[in-house]
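Following: one structure in structure tokens, then a few remarks.
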Protein chains: 2
Amino acid sequence: MTSTDQPPPSAPALRPTKQRKAVTEAMGSFTDFRSAQEIHELLGERGEAVGLATVYRTLQRLAEAGDVDVLRTEDGEAIYRRCSDSHHHHLVCRECGATVEVEGPTVERWTRSIAAEHGYADVSHTLEIFGTCPSCS
Amino acid sequence: MTSTDQPPPSAPALRPTKQRKAVTEAMGSFTDFRSAQEIHELLGERGEAVGLATVYRTLQRLAEAGDVDVLRTEDGEAIYRRCSDSHHHHLVCRECGATVEVEGPTVERWTRSIAAEHGYADVSHTLEIFGTCPSCS
DNA sequence: AGTGAGTTGACAATCGTTCTCAACTAGTCT
DNA sequence: AGACTAGTTGAGAACGATTGTCAACTCACT
């Protein structure tokens, strides 16, 4: 092992299996937030049955990689949605789930200053906005 | 049933039982966020054993009434904390859970304007800030 | 003391999620 | 192409937080 070009330790070998592709593709077919179970069901309807455990595993990977956003419903269920790379938040319709990605330098600045003010380091935050979208009200 | 003074329909009769008092009191004995199970355990240690189901029920009531804040941990567990009446957010230490309540007219304004911009009504939002507190870093 | 609606607690049941593990597969080396 | 192997899959068991069930209890009021 005298090779000089190791791949970055970040990617621990990920195989593009049929199942993973199916999940990734399915994530592109809707724009609201859905639960793992719903996504599993969707895959079944599409004729690309994938084991529930695999759906969970794949969604986890995707979330870690930042390819999907994860939210928690009021009752603790995890819901997923494909997302853009950059840091952003969501404006979600309570009724139909319609979601808009929003960015806010204002909030970013604000949270950072608040944290600094209290001496907190390594700041991160979660922010979601809920409301009733135009077509639901 | 000819009485003319009904109590406001908001309060459907709430009895101040020993258990409820115990839970409420226990909530005053710490300032970080704790899970229902931890609170149940705490009560046990204090010699005021309260059934787990009752702890859950009571915390729910308190949360509905706005007397405690509820958060979801990364893995979906609900955690509770006594809170002030006014609308506020939290700056939570990832390590020790030390929590600071923060207010932010800035954010309130921002979320409202974002929502309006997209035509969303009945806006609410959740915002939590996580970081490492001074004594943990 | 008696009454009844609200409350409790032990336990079962639910439900989302993770674990287990034998069977399978993509990629690689020969 | 065949063999090898580490990563992957899926069915089902296991798990853990939370909620439901229901008979026994208790507070507040007569």
task: Assess whether one donor atom and one acceptor atom, taken from the side chain of A:Arg57 and the base of D:dG10, lie less than 3.5 Å apart.
output: yes
query: Charged N to carboxylate O below 4.0 Å: is that the case for B:Glu128 and B:Arg72?
result: no
Whole-Å distance separating the CG atom of A:Leu71 from the P atom of C:dG16: 17 Å
query: Distance check: side-chain N/O of B:Gln60 vs OP1/OP2 of D:dT19, anything under 4.0 Å?
result: yes
query: B:Arg72 CZ to C:dT17 P: how many Å, rounded?
result: 11 Å
- prompt: Which comes earlier along DNA chain C counting from the 5' end, the contact point of A:Tyr80 or that of B:Val55, where each point is its nearest nucleotide?
  reply: B:Val55
task: Tell me which of A:Thr58 and B:Thr17 sits closer to the 5' end of DNA chain D, going by the nucleotide each one is nearest to.
output: A:Thr58
- prompt: Atom CG of B:Leu52 to atom P of D:dG16: distance rounded to whole Å?
  reply: 14 Å
task: Could you tell me whether A:Glu38 contacts a base, only the sugar-phosphate backbone, or nothing, with contacts defined as non-hydrogen atoms closer than 4.0 Å?
output: nothing
Side-chain donor/acceptor of B:Arg46 to backbone N/O of B:Ala22, under 3.5 Å: no
message: I want to check one thing: is the phosphate of C:dC15, taken as OP1 and OP2, less than 4.0 Å away from some side-chain N or O of A:Gln37?
response: no
message: Using whole Å, what does the distance between atom C1' of nucleotide D:dT18 and atom CZ of B:Arg61 come to?
response: 16 Å
task: Take the protein atom CG of A:Asp75 and the nucleotide atom P of C:dT17, then report the distance between them rounded to whole Å.
output: 10 Å
task: Can you check whether any acceptor in the base of D:dT26 is under 3.5 Å from a donor in the side chain of B:Arg15, or vice versa?
output: yes
query: Taking CD from B:Glu77 and P from C:dT18, how many angstroms apart are they, rounded to a whole number?
result: 14 Å
query: Please give, in whole Å, the distance from D:dT26 C1' to B:Lys21 NZ?
result: 12 Å
query: Do any side-chain nitrogens or oxygens of B:Tyr56 fall under 4.0 Å of OP1 or OP2 in D:dT18?
result: yes
Of B:Ala36 and A:Ala53, the one whose closest DNA chain D nucleotide lies more 5': A:Ala53
- request: Check whether the side chains of B:Thr58 and B:Arg61 place a donor and an acceptor atom closer than 3.5 Å, and report yes or no.
  value: no
message: Which label fits B:His87 and B:His125: parallel for a plane angle under 30°, tilted from 30 to 60°, or perpendicular past 60°?
response: perpendicular
query: For B:Glu74 and C:dT17, what is the distance between atoms CD and C1' respectively, to the nearest whole Å?
result: 15 Å
- request: Report the C-alpha separation of B:Arg81 and B:Glu101 in whole Å, then their side-chain angles, then the decisive distance to 0.1 Å, and conclude whether the salt bridge (Lys or Arg N to Asp or Glu O under 4.0 Å) test is met.
  value: CA-CA 11 Å; B:Arg81 175 180 190 276; B:Glu101 286 190 9; 3.0 Å; yes
